[in-house]
Amino acid sequence: MTPTARRGALAVVLAAVVLVATGCSGGGGGYEFVSPGGQTDIHYAESERQPLPEVAGEDLFDPNKRIAASDFEGKVLLINLWGQWCGPCRVEAPELQALYEETRDDGVRLLGIDLRDYDRSAPQDFMRDRGLTYPSIYDPSGRSLLNLTGYPRSVVPSTIVVDRQGRVAAIFLRDVLAEDLRPVVNRLAAEPAA
């Protein structure tokens, strides 16, 4: 590769890194992820919330069944990106299950998205072994997240919190405990549905 070609390739790579790091991108009308100042906990005021675009994929346990975030309309929805290969996910998953059990009567639901697991049996075992009862999308390539403009799909674990009106209310670009999510979930559960 010539020096000019190398500089051109480097410029393309650097532009892509800046785009992912800043969350800046063009797009039309839907949710666009932006991490102000590189924050890992991002909360949106009600007036700033944008609708979650379609997030859907095949069920981890049933490849013939499709799960979508829209299946949980009118509910507070936690979307957790995880992988059985992810160390922090091993601590986080039981915490999420406990929060789900504690708040589901209040209209809170949990949807996992299993990423970068290319053998379906490993994440299935992960969920069974930990007694996780919430549904999960099986998505090794991360295609279910393509509509989330600028969202850093490489950040695992991370959690997207969606309000009852289907709008993104908070993002956690790190592993979380139930105590991190409980105040947000309780506040959103108290808000009226659309």
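The chain is numbered in sequence order, starting from 1.
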>> Please determine whether residues Tyr134 and Leu181 belong to a single hydrophobic cluster, defined as Ile, Leu, Val, Met, Phe, Trp and Tyr linked transitively by side-chain heavy-atom distances below 4.5 Å.
In response: yes

>> I need the Asn80 CG to Leu110 CG distance, nearest 0.5 Å.
In response: 6.5 Å

> Distance from Ile42 atom CD1 to Tyr44 atom OH, nearest 0.5 Å?
Replying inline: 5.0 Å

>> Rounded to the nearest 0.5 Å, what separates atom CG in Leu145 from atom CZ in Arg153?
In response: 6.5 Å

>> Return the CG to CD distance between Leu132 and Gln97, rounded to the nearest 0.5 Å.
In response: 5.5 Å

>> Run the side chain to side chain donor-acceptor pair (under 3.5 Å) test against Glu58 and tell me which residues pass, sequence neighbours left out.
In response: Arg120

>> Once salt bridge (charged side-chain N to carboxylate O under 4.0 Å, His left out) is applied, do any residues pair with Asp114, and if so which ones, sequence neighbours excluded?
In response: none

> About how many Å separate CG of Leu111 and CD1 of Ile79, when rounded to the nearest 0.5 Å?
Replying inline: 5.5 Å

> Can you list the residues that meet the salt bridge (charged side-chain N to carboxylate O under 4.0 Å, His left out) rule with Arg130, with sequence neighbours excluded?
Replying inline: none

>> What's the separation between atom SG in Cys86 and atom CD in Glu92, rounded to the nearest 0.5 Å?
In response: 7.0 Å

> With hydrophobic residues grouped by side-chain heavy-atom distances under 4.5 Å, do Leu52 and Val155 end up in a single group?
Replying inline: yes

>> Test of understanding: with salt bridge (charged side-chain N to carboxylate O under 4.0 Å, His left out), list the residues that count as partners of Arg49, not counting sequence neighbours.
In response: Asp163, Glu191

> Do the side chains of Val156 and Arg116 get nearer than 4.5 Å, heavy atoms only?
Replying inline: yes

>> For a quick test of reading the model, state the closest non-hydrogen atom pair linking Ser121 to Asp119 and the distance between them.
In response: OG-OD1, 2.9 Å

>> Starting from Leu77, can I reach Leu115 by hopping between I/L/V/M/F/W/Y residues whose side chains sit under 4.5 Å apart?
In response: yes

> Is a side-chain donor or acceptor of Tyr138 paired with a backbone partner of Asp117 at a separation under 3.5 angstrom?
Replying inline: yes

> Are Asn186 and Val108 close enough, and set up right, to give a side-chain contact (heavy atoms from CB on, under 4.5 Å), and what steps lead you there?
Replying inline: CA-CA 9 Å; Asn186 288 341; Val108 178; over 6 Å; no

>> Suppose we screen for salt bridge (charged side-chain N to carboxylate O under 4.0 Å, His left out). Which residues come up paired with Asp41, at least two apart in sequence or across chains?
In response: Arg174

> Is any side-chain heavy atom of Ile171 closer than 4.5 Å to a side-chain heavy atom of Val161?
Replying inline: no

> Looking at residues at least two apart in the chain, or sitting in another chain, which of them share a side chain to side chain donor-acceptor pair (under 3.5 Å) with Gln124?
Replying inline: none

> So, do Val55 and Ile113 sit near enough that their side-chain heavy atoms are less than 4.5 Å apart?
Replying inline: yes

>> Tell me which pairs pass salt bridge (charged side-chain N to carboxylate O under 4.0 Å, His left out) where either residue lies in residues 97-107, with sequence neighbours left out.
In response: Glu102-Arg182

> Can you hop from Ile137 to Leu60 via hydrophobic side chains spaced under 4.5 Å?
Replying inline: no

>> Any non-hydrogen side-chain atom of Cys89 less than 4.5 Å from a side-chain atom of Asp175?
In response: no

> Transitively linked via ILVMFWY side-chain contacts under 4.5 Å: Val168 with Val185?
Replying inline: no

> Do Leu96 and Val176 have side-chain heavy atoms sitting under 4.5 Å apart?
Replying inline: yes

> Is a donor on one side and an acceptor on the other found under 3.5 Å between the side chain of Ser136 and the backbone of Gly112?
Replying inline: yes

> Got Ser144 and Asp139 here, is their nearest side-chain heavy-atom distance under 4.5 Å?
Replying inline: yes

>> One pair to check against salt bridge (Lys or Arg N to Asp or Glu O under 4.0 Å): Glu73 and Arg164. What are the steps and the verdict?
In response: CA-CA 7 Å; Glu73 186 176 330; Arg164 291 182 183 276; over 6 Å; no

> Taking only residues two or more places apart in sequence or in another chain, which ones pass side chain to side chain donor-acceptor pair (under 3.5 Å) with Asp125?
Replying inline: Arg128

>> Could you report the tightest heavy-atom contact between Leu173 and Ser158, atom names first, then the distance?
In response: CA-CB, 4.0 Å

> Going by the ring-ring contact (aromatic ring centres under 6.0 Å, His included) test, which pairs reach into residues 161-186, not counting sequence neighbours?
Replying inline: His43-Phe172

>> Applying side-chain contact (heavy atoms from CB on, under 4.5 Å) to Glu179 and Glu95, what does each step give before you reach the verdict?
In response: CA-CA 9 Å; Glu179 65 193 46; Glu95 290 274 326; 5.8 Å; no

> Applying ring-ring contact (aromatic ring centres under 6.0 Å, His included), which residue pairs with at least one partner in residues 85-113 are found, sequence neighbours left out?
Replying inline: none

> Can you list every ring-ring contact (aromatic ring centres under 6.0 Å, His included) pair that touches residues 113-132, not counting sequence neighbours?
Replying inline: Trp82-Phe126

>> Less than 4.5 Å apart, side chain to side chain, heavy atoms only: is that true for Arg90 and Gln84?
In response: yes

Run the side-chain donor-acceptor check on residues 62-69: report pairs under 3.5 Å with partners two or more places apart or on a different chain.
residue: Asp62; atom: OD1; partner: Asn64; partner atom: N; Å: 3.0
residue: Arg66; atom: NH2; partner: Glu54; partner atom: OE2; Å: 2.8

